[in-house]
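Notes for the one structure printed next.
Note that these values count all heavy atoms, side chains included, but never hydrogens, waters or copies made by symmetry.
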Amino acid sequence: MSTTGATADPLAALGALPGVAESVESVRKAVDRVYGHRIMRRRSNEITSEAALRGARGSGALSGADWALEEVRRRTDFSGDDEARTVGAALRLTAEAGQLLSIWRQSPLRVLARLHLVAAADKADQVGRPRQEGEPVDEPLIELPLPGAAEAHGRLEGLAELIIAGGSAPALVTAAVVHGELLALRPFASHNGLVARAAERIVLIGSGLDPKSVCPAEVGHAELGRAAYLAALDGYVSGTPEGMAAWIAHCGRAVELGARESTAVCEALQRGAA
């Protein structure tokens, strides 16, 4: 991760980049609109469940398994081809994320290892640990230069230290950095995209920005499209202030679109109850 300079709180420094405060405020307003909906007061568990399903569908789409929502909803067997296994992994990660909130701030590396174990349970010799030097990475949709294992381990440790230390950075900034850093490093031998998006979800929930997990950023990332996702990631990897700000803004827009999706679900439920 690159920042605009050495500070005691580099994540907070990113929050001061031009345009980031506006993204943070826009996200907060979008989230508040969902939480203020009258349906959320009575049926929030249903909204959370639907957001989880739609978020998993979106994350799977970004990893090459672009299934219709109803196909994800009706399918019970995800052990078939690569796409089915990808969707199954996304669903498992979405369910697991909520169980790891209490551990994240104390041991983010343990949480990331657990997420990878859940996602890639079929690859027993490589699951739940960062890749070693010389091990290939199966992440065909991300074509960025791959850092060596030693660099990836070092940067992962640095990211964990920032999370444990806490700080004053807005939740959106922290979530975007966690997401971007995991995509840039690809620390595991597989399923890095799915793990990165699950980690972003954990930060957004655990920070208190979206405590009921009803604003699935994965929906927004998928709606914005893979090309825009990868272009914004290029900005993050560049380490420039403009590139970092563009990535944070992209993640913010994804959260807003996730919030809009759940608002539409609230409206549909309200019409059905009328």
Side-chain angles (χ1 to χ4, degrees), residues 23-62 69 72-73 87 89-106 108 111-112 114-115 118-119 163 166 168-179 194-224 248 250-274:
S23 293
V24 169
E25 180 61 20
S26 184
V27 166
R28 168 54 66 189
K29 288 179 178 177
V31 173
D32 285 347
R33 279 194 293 272
V34 180
Y35 279 83
H37 199 285
R38 60 183 295 185
I39 288 293
M40 280 293 294
R41 292 195 291 273
R42 296 184 285 113
R43 303 176 69 175
S44 64
N45 289 343
E46 292 175 65
I47 308 302
T48 296
S49 295
E50 187 65 19
L53 184 73
R54 294 177 185 227
R57 193 218 72 82
S59 191
L62 288 168
L69 179 63
V72 179
R73 196 189 303 280
V87 174
L91 287 166
R92 292 193 302 273
L93 284 172
T94 301
E96 188 74 13
Q99 309 302 313
L100 299 171
L101 296 173
S102 62
I103 305 171
W104 174 254
R105 286 296 297 271
Q106 286 74 41
V111 170
L112 293 174
R114 174 62 186 172
L115 291 174
V118 168
I163 294 165
S168 60
L172 171 64
V173 173
T174 303
V177 168
V178 168
H179 186 170
L194 293 173
V195 168
R197 292 183 289 275
E200 179 185 48
R201 172 183 283 266
I202 287 172
V203 174
L204 294 171
I205 301 169
S207 66
L209 176 63
D210 181 21
K212 293 183 182 294
S213 191
V214 295
C215 302
E218 306 96 324
V219 167
H221 286 303
E223 184 173 336
L224 291 167
I248 294 167
H250 184 86
C251 291
R253 182 59 180 151
V255 177
E256 290 180 54
L257 290 170
R260 187 182 72 178
E261 184 92 351
S262 286
T263 300
V265 172
C266 288
E267 294 292 335
L269 288 174
Q270 183 167 282
R271 288 193 299 271

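Scanning for side chain to side chain donor-acceptor pair (under 3.5 Å) contacts around Glu267 gives His37, with sequence neighbours left out.
The residues Arg73 and Glu50 are annotated as salt-bridged, a charged nitrogen and a carboxylate oxygen being separated by less than 4.0 angstrom. A salt bridge does not link Arg28 with Glu25: every distance from a Lys NZ or Arg NE/NH1/NH2 to an Asp or Glu carboxylate oxygen is 4.0 Å or more.
Rounded to the nearest 0.5 angstrom, Leu62 CG and Leu194 CG are separated by 9.0 Å. Here the CZ atom belonging to Arg114 is positioned 10.0 Å from the CG atom belonging to Leu93, to the nearest 0.5 angstrom. A distance of 11.0 Å separates CE of Met40 from CG of Leu269, quoted to the nearest 0.5 Å. Here the CG-NZ distance, from Asp210 to Lys212, works out to 10.0 Å after rounding to the nearest 0.5 Å.
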What's the verdict on side chain to side chain contact (heavy atoms under 4.5 Å, CB included) for Arg42 and Gln270, showing C-alpha distance, side-chain angles and the deciding distance?
CA-CA 11 Å; Arg42 296 184 285 113; Gln270 183 167 282; 5.7 Å; no
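Of the possible polar contacts, one joining the Ser207 side chain to the Leu204 backbone as a donor-acceptor pair under 3.5 Å is found. Proximity of a side-chain donor or acceptor of Ser262 to a complementary backbone N or O of Val214 within less than 3.5 Å is detected.
Leu209 and Ala171 make their closest contact through CB-CB, 4.0 Å (heavy atoms, listed as atom of the first residue, atom of the second, distance).
Exactly one of Arg57, Arg197, Arg54, Arg201 qualifies for a side-chain hydrogen bond (donor to acceptor under 3.5 Å, both in side chains) with Glu218. That residue is Arg201.
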